[in-house]
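We count residues from 1, following the sequence as given. We use all heavy atoms of the structure for the numbers below, so side chains are in, but hydrogens, waters and symmetry mates are not.
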Amino acid sequence: MITEFIVCGNDPFSIVEQEKFKIIIDKGFPNRQELISTKVKHVCATADCWSVFKKSYIGITAHCFDFETLDRKSAALACRRIKGRHTYDTLAKILNDVFCEYGILNKIINVVMDNGSNFVKSFRIFGEQKDVTISQCELDDGGIEEYIEVIEIGNILEEENIDSADRLPSHHRCASHTLNLIATKDSEKALSDSIYKKQIRIIFARMQFLWNKQERTSLIADDIHDSLNIYIVVPNATRWNSTYKAVKCLYENLTKSELELQSICDKANIPRFDKKDESFMSDYCKVGERWPQRNMGRNRVRKTTIGTFTHEEMSNAVDMVLNGVCSIREAARRNNLKIPTVARYVKKKSKNSLARMCPKYNSRQVFTSSIEKELVNYLLQCSKMCYGIGYSDCRKLAFQLALKNNIVVPHSWIINEMAGIDWMKDFIRRNPTISLRKPEACSLSRATSFNRHNVSLFFDKLENVLKRHDCFGDGSRIYNLDETGVTTVQTPKKVIAQKGVKRLNQITSAERGVLVTVCCIINAYGHALPPVILFPRVHFKNHMINGAPPGTLGLACQSGWMNTDLFIETLLHFIKFTNSSKENPALLIMDNHESHISLSSIDLAKSNGVTILTLPPHCSNRLQPLDVSVYGPFKKYYNSAVDAWLQNHPGRTLDIYNIAPCINSAFDKSMTMKNIQAGFKATGIYPFDKNIFTDDDYLVSAVTDRPYQNVDTSIVNNNLLPQSSSSTTEIKTNQNINLTEKSEASFDKPGRQPLILNTTESTNVSPDTIRPYPKADDRKNKMHNKRKKVSAVVTDTPEKLKIEEATKTKNEKIKKSLFPNKTKIKNIKKISKPTKPLDENNILSDSSADIFDEITGFEELDKDPEEGDYVLVRFACSNSKQAKKTIFYVGKIIKNVDNEGFLGISYLRSYKKSKNKFVLPQVPDLSSVCLKDITAILPKPKINGKTARQQSFYAFEVNLSNFEIR
C-alpha cells in the first residue's frame, strides 16, 4: 500500500524517512474505527464539492466527542470523484453510500454543508423531514407558496428509487457561508444610491479584470509577482471578508508601488487606476475594517430596555397586585413595566416569597460584589501610594485572588495564569470609580518628604507668623517667590493632520534649547509683581528684555541659574515693588534653596521688614502656590507663544534675545487673579487651613514613614498604610507574588467546563494578603553629619544664628581644602573677588565668597616646587577699559628652580564645560615662571575613565571655582 502511494503520487522514496510520515504509520488511522465502534453514539458529518482541472470531487468528514475527556475527534471518510453534473440526486446517493459503507448512517445527527441549491434540495427531498407548522397569518399572506414545490411527473418517474431506510440525516447550513451571504446582501443595499452604484461598478470592473488576468493568464501572474513580489489577493465566494481583503491588497500596492501596478495594467490592457479610484479604495477599506468589530460581542450596544428594571420596581408592582391594590395591567403601567413580565413575577412570588424580583445577569460573574469592592479599594490605595498596578498585573492578581478563595474560573485563566481581557474590561465597566490613567513621574525625594511631620511643622510656623501682624492674617502682605525655567525649544502643541499618519513633526528652534530662568512673585490677593528674567550671559544688556512685562528686572549669569548675588538684586526688586519696610512688613514664602538663604539676603530682608518663611524640602509641588496652579498654565501659554513666533517668522530660530515677548504673552494669560488665588487656597496658606491635606494625600509617604526619634515609638502607629487582613503577613517590598503557582488539580487535559480550583486555604483572602502594600525596609544605622533642612523662619534670630554658625564651619573647611600648607597670612596685595558668577551646584556656597574679602594674600610656600608638581600661578593684568585684576593658570613643573629663582613650567588649559578639569593643549605651552608668582602647590590630579579622551582630563581635589582660571 505504501509502495502504491509513492508510485501513484510520483513521490520520492525519502518520504518514508520524514517524521510526520512515521507518526502516521505508528498511529495508523484509528479514528475511522472509533466511529464504527459501539461506544460512539452520535456523529456529525461535513461535506463539500469542488472542481479542479475540469474534474469534480466531493469530500466527506466525520466528527465526534469522547464523553470521558470531552476531546473532539475527527476522521476523513471519503474523497470521491463526481462524474456528470452536481445534481441533488447524485450528491444524495454518494452521501448515502459513504455513510452505509461505514455503518454510521443511524449515528449521524446532522450533516453540515453550504447553502448551495443542490445540497439544500437533496436534503429537502431525501433527508429527515421535520414537522412544519404553518400559521393562519402565513396562509393569509400567501406564505404557503414557500412550502409548495412543483415537480413534473416525468422527473419523478426518472428518479432512482431510494428506500426509506437509506434516507439522509438532517441538514445544517454552514455558518461561515451563511455569514458570507449576509455580509454580501447587506453591502448590496448601498447600491440603491445611483451615484455610489455607478462608481463602485466601474472600479470593481477594473479590479475584476485584474483579478481574472492573474487567475487565467500565467504571463500576467508572473509579471505581478516579479513587480510586487506577491500575488494579489483574489475574492473568494465562500469567504465573507475576502472582498475587503482583496481591495485592501490592491490599495496598499497602489500607494506603495504605483508605477509597477500601473505598468501591469498597461500590459494587461486594463485602464489605469486614477486618484479617484484610490480615494474610493481608501474609503472602502476604512469602512471594511470595522466589519469584524461590529460582530464582536464585547462592543455590543444595547438597543432595548428589556430586563433593565430594578428589584425595587418589580417588588413594588408585585406587592400591589398581591395586596389587591390594583390589577396586573395597572401595576405595570404605574411602574413602567411590561404586563407579561409583571404577571410572570407575580406567579413566581406567589409560589416563593423569597424569589428574586429581577433578572440575574451576573450569574456567570467570577467574583462577588464584596470581593470586587476589596479589589477596587486595593487598586485605589496602591495608586495613591504612587505604586499603581497596570492591566497585566491586575489580571494576574485577579487570578491569584480566585486561586486563594477557591472560586470557579474559566479554563483560559488557568492556561494564561491571569484573568482574561474581557473580564478586565467588564470589571472596569462595573466599577466606574477606576480607570486606566497615565501617571506623572514623582521622584522618591518628593514622595518621602511630603509627610505629616514636615507639613505640620510648616503650618505651625506659618500660623505663628500670621499672628504677628494683621496684614499677614488678611493675606494682603503674603507673597510667594519661585523660579522656573523656559527654553528656546518649546514643546509643540497638537495640530490637525491626516488621520493615521505615523510620523508628524513640528518645527522647533534646535534639538536642545538654551535655558532662561524666570522668577515670579505673586500675592495672596491675586496680584503678580513684575518678573525677574535671568539670562545665561556674562553681561546683561537692556535690549534682552525688549517686549517683557513692564517693570521686569533683567539679570545675567553665565550658568543661567540664580545665585546669592543675583538673589540680593531680586530681593531689592521685591522690596521696591511691595514698598516693604518695618512699618509695612511683608511675608515672603519660598523654598530653602542655598542661593536664597545667605547671611546678606537675610540681613537685607530683616532690615526692610520682610519675614522669610521657607518650605519643607522637596514639597514645593504641593505647598508652593506658583507650582500648584500658576506655572502649569504659564508653560502651556509659553509653548503656544513660541509656536506662534515660529509661524510668524518661518526659517528663523528663536534665541534668548527674542524670548521676552513670549514670556510677556504667557505671563499676562497665566498670572490671573483666579489662578493665583486658587494656588494659595489649594496649599492651605490663604485662607489658612492646616488640615487641607487628608490621609490619602500622605499615603505617598507611607511607604517610607518611620517613627520619629523624639516620640515614643509605642505611640506612633502608621495608620496611613492600609493594614493587611492577615495578621501574620509581613509587609516587605521584596515580597513577590508567585504567579506561576497552580492548583493541585491536574489541568493537563483541557475541558470545556469551568474548573473549581482546589486549594488548602480558607476563603475570604484579601488582595493585600496576596500582594502586600509596598513598605520600605528598615533604614541602616549610618551617621550622617549633614544637617537636614526643614521649614524655618530664617529671618528670626535663632535661625539666623544657626545659619551663621553653619556658614562659619563651612568656610573653615573650604580654607583648609584650598590652602592645606598655610599656617599664617602674610601681607601681600589683596585679591579681588572673582568676576565670574558662581554656579549653584559648586562645592563652595555662594556666600563663601566672603572668605576672600578677609584674605589679604597667600602664604609663602613652605618648600620650593619640584619637578612633576602641579602649581597655581598668579598673573596681574590690566587694560584701558578694565581695572587691574588677577588671573590664574594651572601648570606642571618640568624644571626645578635655578639660581635666579625661575622654574620651567608647562601650562594646562581650563576645560570650558567643567571648572575643575584641565587639559594639555595640542601645542605645549612651555615657559618659565618666577618662584614668587607661584601661589600654591596643588595635590596630584585624578585621572578617571577608560578611553584616551577621558584620561586626558586632569581633576584636582580642591575647589578652584572662585579663581578666574584661564
Please confirm whether the backbone N or O of [Y] pairs with a side-chain atom of [X], one donor and one acceptor, at under 3.5 Å?
| X | Y | answer |
| --- | --- | --- |
| S640 | K636 | yes |
| R477 | P585 | yes |
| D655 | Y657 | yes |
| N584 | N579 | yes |
| N480 | I589 | yes |
| D898 | L903 | no |
| Q677 | Y525 | yes |
| T683 | F680 | yes |
| S598 | E594 | no |
| N454 | V790 | no |

To the nearest 0.5 Å, what is the distance between [atom1] ([X]) and [atom2] ([Y])?
| X | Y | atom1 | atom2 | result |
| --- | --- | --- | --- | --- |
| Q624 | Y631 | CD | OH | 7.5 Å |
| H596 | N563 | NE2 | CG | 10.0 Å |
| S791 | D591 | OG | CG | 11.5 Å |
| L481 | F567 | CG | CZ | 5.5 Å |
| I656 | T487 | CD1 | OG1 | 12.5 Å |
| K895 | I905 | NZ | CD1 | 13.5 Å |

Might you point out which heavy atoms bring [X] and [Y] nearest each other, and give the distance in Å?
| X | Y | answer |
| --- | --- | --- |
| H573 | G551 | CE1-O, 3.3 Å |
| N896 | P865 | OD1-O, 4.3 Å |
| I602 | T795 | CG2-CA, 4.2 Å |
| P617 | S449 | O-CB, 3.2 Å |

Set of residues satisfying salt bridge (Lys or Arg N to Asp or Glu O under 4.0 Å) with respect to R446, sequence neighbours excluded: none
Contacts of type salt bridge (Lys or Arg N to Asp or Glu O under 4.0 Å), residue R652, not counting sequence neighbours: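 Scan of R652 (salt bridge (Lys or Arg N to Asp or Glu O under 4.0 Å), adjacent residues dropped) gives none.
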E804/L599 under side-chain contact (heavy atoms from CB on, under 4.5 Å): CA gap, chis, key distance, verdict: CA-CA 7 Å; E804 288 180 351; L599 293 176; 3.2 Å; yes
Sole candidate of L654, I663, V489 that passes side-chain contact (heavy atoms from CB on, under 4.5 Å) when paired with V642: L654
Atom CG of N542: over 12 foreign heavy atoms under 6.0 Å: no
Qualifying salt bridge (Lys or Arg N to Asp or Glu O under 4.0 Å) pairs, either residue in residues 566-578, two or more places apart: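 Passing the test, one end in residues 566-578: no pairs.
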CA sep, side-chain torsions, deciding dist, call: F535, V516, side-chain contact (heavy atoms from CB on, under 4.5 Å): CA-CA 5 Å; F535 294 91; V516 176; 4.3 Å; yes
Any pair counted as side chain to side chain donor-acceptor pair (under 3.5 Å), so long as it reaches residues 606-619, sequence neighbours left out: K606-T797
Contact list for residues 504-513, test side chain to side chain donor-acceptor pair (under 3.5 Å), sequence neighbours left out: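 Those involving residues 504-513 do not exist here.
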Pair K635-T484, side-chain donor/acceptor within less than 3.5 Å: yes
Between T578 and S580: side-chain donor-acceptor atoms closer than 3.5 Å: yes
Mutual orientation of the aromatic rings belonging to F574 and Y479 [parallel < 30°, tilted 30-60°, perpendicular > 60°]: perpendicular
Chi angles and distances behind the side-chain contact (heavy atoms from CB on, under 4.5 Å) call for H593, E483: CA-CA 11 Å; H593 191 267; E483 300 95 350; over 6 Å; no
Heavy-atom side-chain contact between K800 and D603 under 4.5 Å: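 When only atoms from C-beta onward are counted, D603 and K800 do touch, with a gap below 4.5 Å.
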Option passing ring pair (Phe, Tyr, Trp, His ring centres under 6.0 Å) with Y907 (candidates F888, F918, Y889, Y870): Y889
Pairing residues for F667 by the ring pair (Phe, Tyr, Trp, His ring centres under 6.0 Å) criterion, not counting sequence neighbours: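 Residues passing ring pair (Phe, Tyr, Trp, His ring centres under 6.0 Å) with F667: none at all.
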Step-by-step side-chain contact (heavy atoms from CB on, under 4.5 Å) determination, W561 to L566: CA-CA 9 Å; W561 292 96; L566 298 180; over 6 Å; no
